[in-house]
Amino acid sequence: MTKRLTEVAKKAGVSEATVSRVLNGRDGVSEATRTAVLTALDVLGYERPTKLRGERARLVGLVLPELQNPIFPALAEVVTGTLAQRGYTPALCARTIGGVSEMDYVEMLLDHQVSGVIFAGGSYALTDAKHDHYRRLTDRGLPVVLVNAGVDELGFPRVSTDDAVAVEQAYGHLRSLGHERIGMVLGPEGHVPSRRKLDAMMKAAGWDEGDAECVERSSFSMEGARVAATKLVERGVTGIICASDVLALGTIRAARRLGRSVPADVSVVGFDDSAFMTCTDPPLTTVRQPIETMGQAAVDLLVTQIEGAGVLQDELLFEPELVVRGSTAPAPGR
């Protein structure tokens with residue numbers, strides 16, 4: 001018990017006597033201090049006293065589709081750090097193939113009486129996916145924030161990168177290099193962010209339905225991108241805009257397997273600017289998502305709901321930034 005008091009007191013930045021008062025439910029402790037002690041207790045893995053377990057824990061779930069794509073660990077770092085600063089304990093839930101599903105994680109989080117949930121890269125962004133587990137959260141009145149687009153009818157607050165601006169930047173860059181035959185490797189047909197990128201491309205490039213041969217769909221994997229990009233390169237595309245850095249790396253691999261050089265023969269632009277894109281060969285030109293700002297905004301939106309200050313129904317759009325590196329160059333013959 002003494003060891004526990006010492007550890008919790010140090011973690012919460014209070015005296016052991018204060019920790020004892022909180023754990024015994026005594027008066028004379030401010031709500032902020034009480035919250036700090038209980039959060040420290042949760043973070044250190046100690047069970048709350050029986051008399052305190054009936055209260056909703058200051059836990060917040062962060063549900064991610066994977067941790068292999070570096071953009072998701074980067075987002076997790078921002079969100080978990082910001083939550084801790086606000087006095088909440090983050091519960092990281094990363095889905096795996098053949099493992100725990102997003103729906104299962106929602107059930108677990110509800111069982112643990114979380115205060116709210118932040119989703120990134122979930123099935124909310126797929127129009128043809130099941131959304132029943134999100135409606136369970138709505139029925140419970142649980143605060144939720146979605147990162148990067150989502151099906152409109154779900155009605156959750158959203159924090160997103162402006163996909164239209166991202167495409168305008170990438171397309172403008174390739175056009176300035178003299179590329180006229182520009183294609184796209186996007187996510188699945190029902191993927192909302194990919195749909196937004198395609199809409200922006202059609203507007204920027206003046207495409208019509210006949211330009212569908214310049215677009216290929218893929219799962220968000222290098223293997224899927226390699227198959228999709230191979231078709232574009234074989235059709236004579238010299239500049240390719242991808243919906244993620246992972247897809248861009250798969251596209252570079254496809255070009256090389258066809259005997260093309262990147263960027264001399266084919267220029268490639270990614271999306272995310274995830275970790276290590278400066279270390280690829282060549283370093284990847286990409287559109288950077290403002291992950292730190294977006295992660296902090298997601299937490300702010302969630303905490304605002306938790307504290308009962310209302311729900312912002314509008315989607316917050318954050319402007320990305322084109323980062324030019326070595327995977328783009330003047331079009332062949334320029």
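Note that these values count all heavy atoms, side chains included, but never hydrogens, waters or copies made by symmetry.
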Q: Determine whether Val323 and Val246 fall in the same hydrophobic cluster, where Ile, Leu, Val, Met, Phe, Trp and Tyr are linked whenever their side-chain heavy atoms lie under 4.5 Å apart.
A: no
Q: Sequence neighbours left out, what passes side chain to side chain donor-acceptor pair (under 3.5 Å) with Asp265? Give chain and number order.
A: none
Q: Would you say the side chain of His179 lies within less than 4.5 Å of the side chain of Pro330, judging by non-hydrogen atoms?
A: no
Q: Could you pull out the closest heavy-atom pair between Leu284 and Gly270, with the gap in Å?
A: CD2-CA, 4.2 Å
Q: Per the ring pair (Phe, Tyr, Trp, His ring centres under 6.0 Å) rule, what does the pair list look like for residues 152-178, sequence neighbours excluded?
A: none
Q: Identify the two heavy atoms, one from Ser20 and one from Leu5, that lie closest to each other, and give their separation to 0.1 Å.
A: N-CD2, 4.1 Å
Q: Quick one: do Arg288 and Asp245 make a salt bridge, cutoff under 4.0 Å?
A: no
Q: Do Leu75 and Leu67 belong to the same hydrophobic cluster, where Ile, Leu, Val, Met, Phe, Trp and Tyr are linked whenever their side-chain heavy atoms lie under 4.5 Å apart, directly or via other members?
A: yes
Q: Between Glu216 and Arg235, is there a side-chain N and carboxylate O pair less than 4.0 Å apart?
A: yes
Q: Leu92 and Val147: same hydrophobic cluster, using ILVMFWY side-chain contacts below 4.5 Å?
A: yes
Q: Salt-bridged, Glu234 to Arg260, with N to O below 4.0 Å?
A: no
Q: Could you give me the CA-CA distance, side-chain angles and deciding distance for Thr328 and Thr285, then say whether side-chain hydrogen bond (donor to acceptor under 3.5 Å, both in side chains) is met?
A: CA-CA 6 Å; Thr328 52; Thr285 294; 3.0 Å; yes
Q: Is there a path of hydrophobic side-chain contacts, each under 4.5 Å between heavy atoms, that joins Leu186 and Leu232?
A: no
Q: Between Glu107 and Arg136, is there a side-chain N and carboxylate O pair less than 4.0 Å apart?
A: yes
Q: Decide yes or no on side-chain hydrogen bond (donor to acceptor under 3.5 Å, both in side chains) for Thr82 and Gln296, but give the supporting numbers first.
A: CA-CA 6 Å; Thr82 306; Gln296 292 171 348; 4.7 Å; no
Q: Does the side chain of Arg21 pick up a donor-acceptor pair with the side chain of Thr18 at under 3.5 Å?
A: yes
Q: Same cluster or not: Met202 versus Val287, using hydrophobic residues (I, L, V, M, F, W, Y) connected whenever any side-chain heavy atoms lie under 4.5 Å apart?
A: yes
Q: Show me the donor-acceptor pairs within less than 3.5 Å that the side chains of residues 188-195 make with the rest of the protein, sequence neighbours left out.
A:
unit_1 : atom_1 : unit_2 : atom_2 : d
His191 : ND1    : Ser194 : N      : 3.3
His191 : ND1    : Ser194 : OG     : 2.8
Ser194 : OG     : Gly187 : N      : 2.9

Q: What do you reckon, is CD of Glu321 surrounded by more than 12 foreign heavy atoms closer than 6.0 Å?
A: yes
Q: Which heavy-atom pair separates Ala149 from Leu146 by the least distance, and what is that distance?
A: O-CB, 4.3 Å
Q: For Ser123 and Tyr134, what are the C-alpha separation, side-chain angles and deciding distance, and is it a side-chain hydrogen bond (donor to acceptor under 3.5 Å, both in side chains)?
A: CA-CA 10 Å; Ser123 57; Tyr134 298 119; 3.2 Å; yes
